[in-house]
Amino acid sequence: METNQLTETAGVVISQDQLLEHWQGHRRLTRKVIETFPEDKIFSYSIRGMRPFSELIMEMIDLAGGGISGLVSNLWKSMNDFGHVSGNLPKTKEEILKQWDNVTTQINALWPQISRERFQEVIMALVNMKGQLILQFYI
């Protein structure tokens, strides 16, 4: 994977710990939505042909888990390795919540291993999707 250092920098906006708390706040809210979603609809309900909520959530689980691992190790999975692409999906809401919680634990464990400098890098991740890591800021 290609890694480049950005030359432009910005002032302090948010600390690394604040960013993690912000992200996990969104994840806590999303978890509440998963809990609230009716079990009999989570895998089937669709609005105008959109995919069911369970598939959207599995994409979020896959990308967050694969993303945090890749940020730390710089080893990136192929999109085809993710359950939401391969069709390897859980069968119950309880299984979805368990996977969600496992990724939350993984994020909390791996986050401290990301160096300050890493947040300034441009990375190639997830089948060569080039982009800046998270966002640019100093801690």
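All residue numbers in this chain count up from 1 along the given sequence. Please read these numbers as outputs of a predicted model, since none were measured by experiment.
Judged by distance alone, the side chain of W76 and the main-chain N or O of S69 form no donor-acceptor pair under 3.5 Å. Although no hydrogens or angles enter the test, the distance criterion places no donor-acceptor pair under 3.5 Å between the side chain of Q106 and the main chain of V103.
A salt bridge between E21 and R28 is present, with a side-chain N of the basic residue lying under 4.0 Å from a carboxylate O of the acidic one.
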Should R27 and M60 be marked as a side-chain contact (heavy atoms from CB on, under 4.5 Å) after you check the CA-CA gap, both sets of side-chain angles, and the distance that decides it?
CA-CA 10 Å; R27 291 183 54 77; M60 294 169 71; 5.8 Å; no
Going through the distances and angles, do L56 and M50 end up as a side-chain contact (heavy atoms from CB on, under 4.5 Å)?
CA-CA 10 Å; L56 172 64; M50 292 175 58; over 6 Å; no
So T30 and W100, side-chain contact (heavy atoms from CB on, under 4.5 Å) or not? Walk me through it.
CA-CA 10 Å; T30 304; W100 187 268; 3.6 Å; yes
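Between I61 and I96 there is a side-chain heavy-atom pair separated by less than 4.5 Å. Side-chain contact between I34 and F53: present, with at least one pair of heavy atoms (C-beta onward) separated by less than 4.5 Å.
Residue L29 is not grouped with residue I57 when hydrophobic side chains (ILVMFWY) are merged at heavy-atom distances under 4.5 angstrom, including chains of intermediate members.
Within the structure, side-chain hydrogen bond (donor to acceptor under 3.5 Å, both in side chains) contacts touching residues 41-62 (residues at least two apart or in different chains) are R51-E59, D62-H84. The salt bridge (charged side-chain N to carboxylate O under 4.0 Å, His left out) pairs that include a residue from residues 91-113 are R31-D101, where partners are two or more places apart or lie in different chains.
The CD1 atom of I42 sits 10.0 Å away from atom OG1 of T36, with the distance rounded to the nearest 0.5 Å.
Applying the side chain to side chain contact (heavy atoms under 4.5 Å, CB included) rule to V72 yields the partners L110, Q113, I114; only residues at least two apart in sequence or on another chain are considered. Listed by chain and number, the residues in a ring-ring contact (aromatic ring centres under 6.0 Å, His included) with F43 amount to none (sequence neighbours excluded). Residues that satisfy the side-chain hydrogen bond (donor to acceptor under 3.5 Å, both in side chains) test with N108, not counting sequence neighbours, are Q24.
Of all the heavy atoms in R118 and G70, the pair that sits closest is NH2-O, 3.5 Å.
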